[in-house]
Amino acid sequence: MIARFDPSPPLKGSVVPPADKSISHRLALLGAMSDIPLHVCNYLDAADTNSTLHAIEALGALVERRPDELVIRGTGLRGAREPDAVIDVGNAGTLMRLLPGWLAGQQDCAFTLDGDASIRRRPVDRVAEPLRRMGARIEARDGRFPPFTITGASLQGIDYALPVASAQVKSCLLLAALLATGETTIREPEPSRDHTERLLAAAGVPIERTGAALTVGSVDELTLPSTLSVPADPSSAAFLIAAGLLVAGSRLVITDCGVNWTRTGFIRIAQRMGGIVLGDLEEPAGDAIAHAEPTSDLDVTAGPLVGTTVEPHEVPLAIDELPLVALLGCFAEGETVVRGAQELRVKESDRIAAVVEGLGALGGDLEATADGFVVRGTDGLRGGAIDSGGDHRMAMLGAIAGLASEEGVEVRGMDAAAVSYPGFLDDIDALR
Ligand code: S3P
């Protein structure tokens with residue numbers, strides 16, 4: 001689908017972004033692993049998170065889709081059923097990397113995971129390697145790509161230092177640790193999103209953080225609170241925040257947004273660039289694992305921006321929003337530099353190349369580096385055309401660029417937005 005985004009009048013009003021994708025995936029998986037029914041309010045109804053529901057149904061969980069909630073009746077920790085067919089993860093990298101953690105502990109059952117063309121380019125060795133150390137058998141195409149097959153085994157806890165800061169790999173190992181004998185320790189090079197830790201703590205799992213080390217023990221069964229609610233996704237909200245900062249004269253309020261500090265890196269970067277984003281962002285960083293997800297309204301006002309440097313330790317806290325940092329950089333005075341973000345090359349697309357080429361074609365002055373990009377602010381973008389390449393975040397990036405541009409932007413492949421934000425076009429229309 002091709003969509004055109006013309007230069008916009010000021011954006012005004014309030015908007016509720018869609019439910020958090022990361023938390024929805026986790027609730028579906030943990031609900032499937034649980035012995036008691038889990039009621040989920042505000043589960044994200046989007047392509048990625050629906051792939052997760054289909055996957056857990058294939059594994060024997062029952063999913064009841066009620067108008068105001070989902071009810072997931074799990075199989076219990078060790079009761080996943082071997083499906084008759086390949087599990088199709090669609091475009092969902094989080095599903096592809098988290099699910100093997102659970103499946104690795106299903107003794108003597110084999111599970112094959114595959115997905116779309118983008119998924120087939122994304123490495124799984126980062127989860128396969130530590131899961132093998134725990135005792136699982138995993139065979140992947142060319143040693144590291146989907147499709148791949150996991151044969152479950154009796155797992156042992158390990159002490160593992162993650163080579164890259166990845167919440168997906170960390171979460172995969174946390175799920176496997178629940179089924180392993182002994183304790184598992186996971187060491188993160190930098191903090192990354194901690195939704196899995198919070199949910200496990202809320203379920204009474206023995207889990208502790210000491211500095212960069214997370215230690216988790218095994219459990220006989222998983223007992224989550226009976227009802228859990230998903231806050232709005234700060235990564236989806238970030239597109240609206242960028243629009244509010246860039247479209248001259250805008251003032252908008254984003255309501256009930258998740259503001260877990262491991263997800264608000266983009267807001268802190270935007271504030272440093274001079275962006276006015278007001279909200280209750282005071283959640284303390286630290287060792288204590290919170291049991292809940294904080295939320296806040298965010299009040300955004302357009303205004304002038306200055307360039308900034310995003311350092312490697314900030315990258316995991318803003319990983320999915322870095323394309324938007326590049327967009328802000330095009331409108332900012334001076335240079336905006338992102339370093340230590342080589343992980344962007346293995347997202348739904350190579351987002352370093354896609355951002356530099358995509359925004360470059362709209363009149364931006366950007367240069368790719370091995371681990372990020374440099375943007376020289378030129379006081380805006382002319383406009384033109386951009387292709388999402390099937391990447392939901394590139395589609396929405398093009399849309400916001402168009403609203404703030406001089407001549408408008410045509411986005412090819414806009415339908416990719418449905419992966420995380422099916423109501424994106426309606427929400428933008430409501431603000432114009
Ligand atoms: C996610 C973690 C991040 C992020 C992805 C969602 C998650 O990936 O980019 O969109 O839900 O854990 P990595 O852990 O690979 O950095």
Does the pair V205 and V216 meet the rule for a side-chain contact (heavy atoms from CB on, under 4.5 Å), with working shown? CA-CA 8 Å; V205 168; V216 59; 3.7 Å; yes
For E190 and H313, run side chain to side chain donor-acceptor pair (under 3.5 Å): C-alpha distance rounded to whole Å, both residues' side-chain angles, the deciding distance at 0.1 Å, then the answer. CA-CA 6 Å; E190 305 287 353; H313 71 269; 5.8 Å; no
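- At distances below 3.5 Å, at least one donor-acceptor pair connects side-chain atoms of S118 with backbone N or O atoms of E348.
- Taking 4.5 Å as the limit, some side-chain heavy atom of V15 sits within range of a side-chain heavy atom of L431.
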Set out, in order, the CA-CA distance, both residues' side-chain angles and the distance that settles side-chain contact (heavy atoms from CB on, under 4.5 Å) for F111 and T149, then state yes or no. CA-CA 5 Å; F111 308 88; T149 300; over 6 Å; no
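- The shortest side-chain heavy-atom distance between Q106 and I150 does not fall under the 4.5 Å cut-off.
- No side-chain donor from either of Y421 and D233 sits under 3.5 Å from a side-chain acceptor of the other.
- Inter-residue side-chain proximity for P231 and I23 is flagged as met; some heavy-atom pair is nearer than 4.5 Å.
- Between R65 and E57 there is a salt bridge, with a side-chain nitrogen of the basic residue lying less than 4.0 Å from a carboxylate oxygen of the acidic one.
- Note: T94 OG1 to L99 CG = 12.0 Å, rounded to the nearest 0.5 Å.
- Under the 3.5 Å distance criterion, the side-chain polar atoms of T264 are left unmatched by any main-chain donor or acceptor of I267.
- Within the 4.5 Å cutoff, no side-chain heavy atoms of L70 are placed close to those of H39.
- R193 contributes no side-chain N or O that, together with a main-chain N or O of S22, makes up a donor-acceptor pair within less than 3.5 Å.
- R345 has no carboxylate O lying under 4.0 Å from a charged side-chain N of E343, or vice versa, which leaves the two without a salt bridge.
- Using a 4.5 Å cut-off on side-chain heavy atoms (C-beta onward), R393 and D320 make contact.
- Few gaps surround CG on D429; more than 12 heavy atoms of other groups in view lie less than 6.0 Å from it.
- With a 6.0 Å radius and a threshold of 12 heavy atoms from other residues, nucleotides or ligands, E139 has its CD atom at or below the threshold.
- Between A395 and G413, the closest heavy-atom pair is CB-O, 3.9 Å.
- A distance of 9.5 Å separates CE of M396 from CD1 of I428, quoted to the nearest 0.5 Å.
- Between the side chain of S8 and the main chain of L403, no donor-acceptor pair closer than 3.5 Å is present.
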Residues E221, L77; criterion side-chain contact (heavy atoms from CB on, under 4.5 Å); working and verdict: CA-CA 6 Å; E221 54 186 36; L77 260 188; 5.6 Å; no
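- Between L317 and P191 the shortest heavy-atom distance is CD2-O, 3.5 Å.
- Taken to the nearest 0.5 Å, the CG atom of N42 stands 9.5 Å off from the CG atom of D20.
- Rounding to the nearest 0.5 angstrom, the gap separating the OG1 atom in T112 from the CD1 atom in I87 is 8.0 Å.
- Using modelled atom types, one side-chain atom of S166 and one backbone atom of V169 make a donor-acceptor pair closer than 3.5 Å.
- Residue pairs that meet the ring-ring contact (aromatic ring centres under 6.0 Å, His included) test with at least one member in residues 53-98, sequence neighbours left out, do not exist here.
- Proximity of a side-chain donor or acceptor of R198 to a complementary backbone N or O of H291 within less than 3.5 Å is not detected.
- For the pairing with V40, the side-chain contact (heavy atoms from CB on, under 4.5 Å) check across L228, V63, L27 returns one residue only, L27.
- Between the R122 side chain and the V346 main chain, a donor and an acceptor come within less than 3.5 Å of each other.
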With side chain to side chain donor-acceptor pair (under 3.5 Å) as the test, would you mind laying out the steps for S171 and R26 before giving the verdict? CA-CA 9 Å; S171 298; R26 285 158 171 79; 3.2 Å; yes
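- Side-chain atoms of Q156 and T181 form no donor-acceptor pair, as typed in the model, at a separation below 3.5 Å.
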Quick one: do T223 and I36 satisfy side-chain contact (heavy atoms from CB on, under 4.5 Å)? Show the steps, please. CA-CA 7 Å; T223 319; I36 57 164; 3.9 Å; yes
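- Of the residues listed (L113, V89, D88), the one engaging I119 in a side-chain contact (heavy atoms from CB on, under 4.5 Å) is V89, and it is the only one.
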Under the criterion side chain to side chain donor-acceptor pair (under 3.5 Å), I'd like the reasoning laid out for D280 against S296: C-alpha separation, chi angles, the key distance, then a yes or no. CA-CA 6 Å; D280 181 6; S296 171; 5.5 Å; no
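- Counting heavy atoms from C-beta outward, V310 and V337 have side chains that stay 4.5 Å or more apart.
- The minimum heavy-atom distance linking V71 with P37 is given by the pair CG1-CB, 4.3 Å.
- The OG1 atom of T184 lies 10.0 Å from the CG atom of L179; values are rounded to the nearest 0.5 Å.
- Residues R133 and Y160 have side chains in contact (heavy-atom distance under 4.5 Å, counting atoms from C-beta outward).
- The two residues A176 and L155 make their nearest non-hydrogen contact at O-CD1, 3.8 Å.
- Looking at S235 and R263, their side chains do bring a donor and an acceptor atom within 3.5 Å of each other.
- In the displayed structure, R251 atom CZ is contacted under 6.0 Å by at most 12 heavy atoms of other residues, nucleotides or ligands.
- Within a 6.0 Å sphere centred on CZ of R137, heavy atoms belonging to other residues, nucleotides or ligands number 12 at most.
- Between D125 and R144 a salt bridge is recorded (basic side-chain N to carboxylate O distance below 4.0 Å).
- Heavy atoms only, all atoms of each residue included: L175 and W102 are closest at CB-N, 4.1 Å.
- Of the possible donor and acceptor atoms, one in the side chain of T49 sits under 3.5 Å from a partner among the backbone N and O of A46.
- The pair K170-D194 fails the salt-bridge criterion, with no side-chain N (NZ, NE, NH1 or NH2) lying under 4.0 Å from an Asp/Glu carboxylate O.
- A salt bridge is defined here as a Lys NZ or Arg NE, NH1 or NH2 lying under 4.0 Å from an Asp or Glu carboxylate O, and R272 with E314 meets this definition.
- Between atom CG of residue D108 and atom CD of residue E82 there is a gap of 9.5 Å, rounded to the nearest 0.5 Å.
- A354 approaches S349 most closely through the heavy-atom pair CB-OG, 3.9 Å.
- With salt bridges taken as basic N to acidic carboxylate O contacts below 4.0 Å, none links D350 and R121.
- A 4.5 Å side-chain heavy-atom check between S250 and V247 finds at least one atom pair inside the cut-off.
- In the model, T255 has no side-chain atom that pairs as donor or acceptor with a side-chain atom of S14 under 3.5 Å.
- Without hydrogens or angle criteria, E311 side chain to T309 main chain gives no donor-acceptor distance under 3.5 Å.
- One finds no salt bridge joining R339 and D371 here, because no Lys/Arg side-chain nitrogen approaches an Asp/Glu carboxylate oxygen to under 4.0 Å.
- For the pair R73 and E64, the salt-bridge criterion is met [side-chain N within less than 4.0 Å of a carboxylate O].
- Checked by atom type and distance alone, the side chain of T185 never pairs as donor or acceptor with a backbone atom of D159 at under 3.5 Å.
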